[in-house]
Amino acid sequence: MITTREEYDYVVSRGYEPLIDARFPMEHSLRVEIQKEKFGGNNAEGNAKFYKWCIEHKPNICEECGKPIRYASAVNVSHILTRGAHPNKSHDCRNTNILCFDCHSKWEDATTRKDMRIYEKNMRTIEMLKDEYDHK
């Protein structure tokens, strides 16, 4: 468990990114502190930084259909739990999928998301995020 900024910086210096790598769990308050430092607030500027960071740190391949995403942009960063309903989780990259436009549209539609390959994984992610954020 990463509990200090020094531990986080050390892991990053070794080529890993604990904000997205589940092998390096982080203390919740440290995660929130680093997210605020990197991305700022849940506003246009902070969201632009967040989307850019996700695109740079996650594979640009649709997590649903496996199609490569040639020119990834903010539209390809899909929140699992919406920013509006869950602003405290909006800059947690574990709360995102990289999706092509078509699959992003399917995820946004509550009638089609249950048929998606990523549905079960996303449901586990939702439970983990709610447990972590709502009980701290």
Side-chain angles (χ1 to χ4, degrees):
M1 168 77 70
I2 296 174
T3 60
T4 67
R5 183 57 190 249
E6 292 75 25
E7 292 170 341
Y8 172 82
D9 290 340
Y10 175 76
V11 171
V12 169
S13 76
R14 306 300 282 176
Y16 301 98
E17 181 45 76
L19 291 178
I20 56 176
D21 193 331
R23 296 174 296 176
F24 301 97
M26 294 177 64
E27 182 178 273
H28 179 73
S29 61
L30 178 63
R31 175 179 294 281
V32 170
E33 175 187 320
I34 291 170
Q35 289 169 175
K36 283 183 182 174
E37 177 186 304
K38 285 185 180 294
F39 313 123
N42 186 13
N43 54 37
E45 182 182 348
N47 293 339
K49 288 178 186 178
F50 176 72
Y51 293 135
K52 182 178 188 296
W53 191 92
C54 288
I55 291 165
E56 290 172 352
H57 288 83
K58 291 182 128 185
N60 287 192
I61 298 170
C62 180
E63 294 179 46
E64 174 64 18
C65 70
K67 181 169 58 175
I69 300 170
R70 293 184 91 166
Y71 304 104
S73 68
V75 74
N76 301 114
V77 181
S78 173
H79 280 83
I80 298 168
L81 291 168
T82 64
R83 287 185 306 129
H86 303 273
N88 63 333
K89 301 170 189 72
S90 66
H91 289 166
D92 190 323
C93 54
R94 300 173 302 169
N95 183 32
T96 64
N97 293 124
I98 300 296
L99 299 174
C100 69
F101 183 78
D102 290 337
C103 291
H104 193 161
S105 296
K106 287 179 189 174
W107 179 256
E108 296 297 321
D109 182 345
T111 64
T112 57
R113 75 172 50 160
K114 286 185 178 181
D115 297 328
M116 296 177 75
R117 244 179 8 97
I118 59 173
Y119 181 77
E120 289 301 321
K121 176 186 81 76
N122 284 355
M123 292 302 102
R124 289 189 301 274
T125 298
I126 288 170
E127 289 306 312
M128 177 271 299
L129 290 169
K130 286 184 175 182
D131 184 55
E132 185 176 315
Y133 279 83
D134 299 345
H135 294 106
K136 300 293 178 192

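At a threshold of 4.5 Å between non-hydrogen side-chain atoms, the residues Leu19 and Lys38 count as touching. You'll find the side chain of Trp53 reaches within 4.5 Å of the side chain of Ile20, heavy atoms only. Between Ile61 and Ile98, every side-chain heavy-atom pair lies at or beyond the 4.5 Å cut-off. Counting heavy atoms from C-beta on, the side chains of Gln35 and Asp92 come closer than 4.5 Å. Using a 4.5 Å heavy-atom threshold, the side chains of Tyr10 and Arg5 count as separate.
Atom-to-atom distance recorded for Ile126:CD1 and Met123:CE is 3.5 Å, nearest 0.5 angstrom. To the nearest 0.5 Å, atoms CZ (Arg113) and OH (Tyr119) are separated by 8.0 Å. Annotation: the span from Ser13 atom OG to Glu6 atom CD amounts to 12.0 Å, rounded to 0.5 Å. The distance from the CG atom of Asn76 to the OG1 atom of Thr96 is 11.5 Å, given to the nearest 0.5 Å. The structure places NZ of Lys49 at 8.5 Å from CG of Asn43, a figure rounded to the nearest 0.5 Å. Going from atom CG of Leu30 over to atom CD of Glu37 covers 9.5 Å, rounded to the nearest 0.5 Å.
Counting heavy atoms of neighbouring residues, nucleotides and ligands inside a 6.0 Å radius, atom NZ of Lys58 exceeds 12 of them. Counting heavy-atom neighbours within 6.0 Å of Lys121 NZ, excluding the residue itself, gives a total above 12. For CD of Glu45, the number of neighbouring non-hydrogen atoms (other residues, nucleotides, ligands) closer than 6.0 Å is 12 at most.
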Kindly indicate, with the supporting measurements, whether the criterion side chain to side chain contact (heavy atoms under 4.5 Å, CB included) is fulfilled by Phe50 and Arg83.
-> CA-CA 12 Å; Phe50 176 72; Arg83 287 185 306 129; over 6 Å; no
Verdict with supporting geometry, Thr125 and Met128, side chain to side chain contact (heavy atoms under 4.5 Å, CB included) = CA-CA 5 Å; Thr125 298; Met128 177 271 299; 4.3 Å; yes
Under the side chain to side chain contact (heavy atoms under 4.5 Å, CB included) criterion, do Asp134 and Lys89 qualify, and how do the steps go?
-> CA-CA 10 Å; Asp134 299 345; Lys89 301 170 189 72; 3.3 Å; yes
Under the side chain to side chain contact (heavy atoms under 4.5 Å, CB included) rule, what do Val77 and His104 come out as? Steps first, then yes or no, please.
-> CA-CA 8 Å; Val77 181; His104 193 161; over 6 Å; no
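In the hydrophobic clustering of this structure, Leu81 groups with Trp107; members are Ile, Leu, Val, Met, Phe, Trp, Tyr whose side-chain heavy atoms approach within less than 4.5 Å, directly or through other members. Both Ile118 and Leu129 belong to a single network of hydrophobic side chains, linked directly or stepwise wherever heavy atoms of I, L, V, M, F, W or Y lie under 4.5 Å apart.
Side-chain atoms of Glu56 and Tyr51 include no donor-acceptor pair closer than 3.5 Å. Side-chain contact check for Glu132 and His28: at least one donor-acceptor pair (N or O, by modelled atom type) lies under 3.5 Å.
Across Lys67 and Cys100, no two heavy atoms sit closer than the pair CE-CB, 3.8 Å. Across every non-hydrogen atom of Gly41 and His91, the tightest pair is O-CE1, 3.0 Å.
Of the possible polar contacts, none joining the Asn122 side chain to the Ile80 backbone as a donor-acceptor pair under 3.5 Å is found. Side-chain atoms of Asn60 never come within 3.5 Å of backbone atoms of Ala72 as a donor-acceptor pair (strictly under, hydrogens ignored). The main-chain N or O of Ser90 is found under 3.5 Å from a side-chain atom of His79 such that the two form a donor-acceptor pair.
Residue Leu99 forms a side chain to side chain contact (heavy atoms under 4.5 Å, CB included) with just one option from Cys62, Cys65, Ser105, and that option is Cys62. Evaluated for a side chain to side chain contact (heavy atoms under 4.5 Å, CB included) with Tyr8, the options Glu27, Arg31, Glu33, Met26 yield exactly one hit, Met26.
Ring orientation note: the planes of Tyr16 and Phe24 are tilted relative to one another, at an angle of 30° to 60°.
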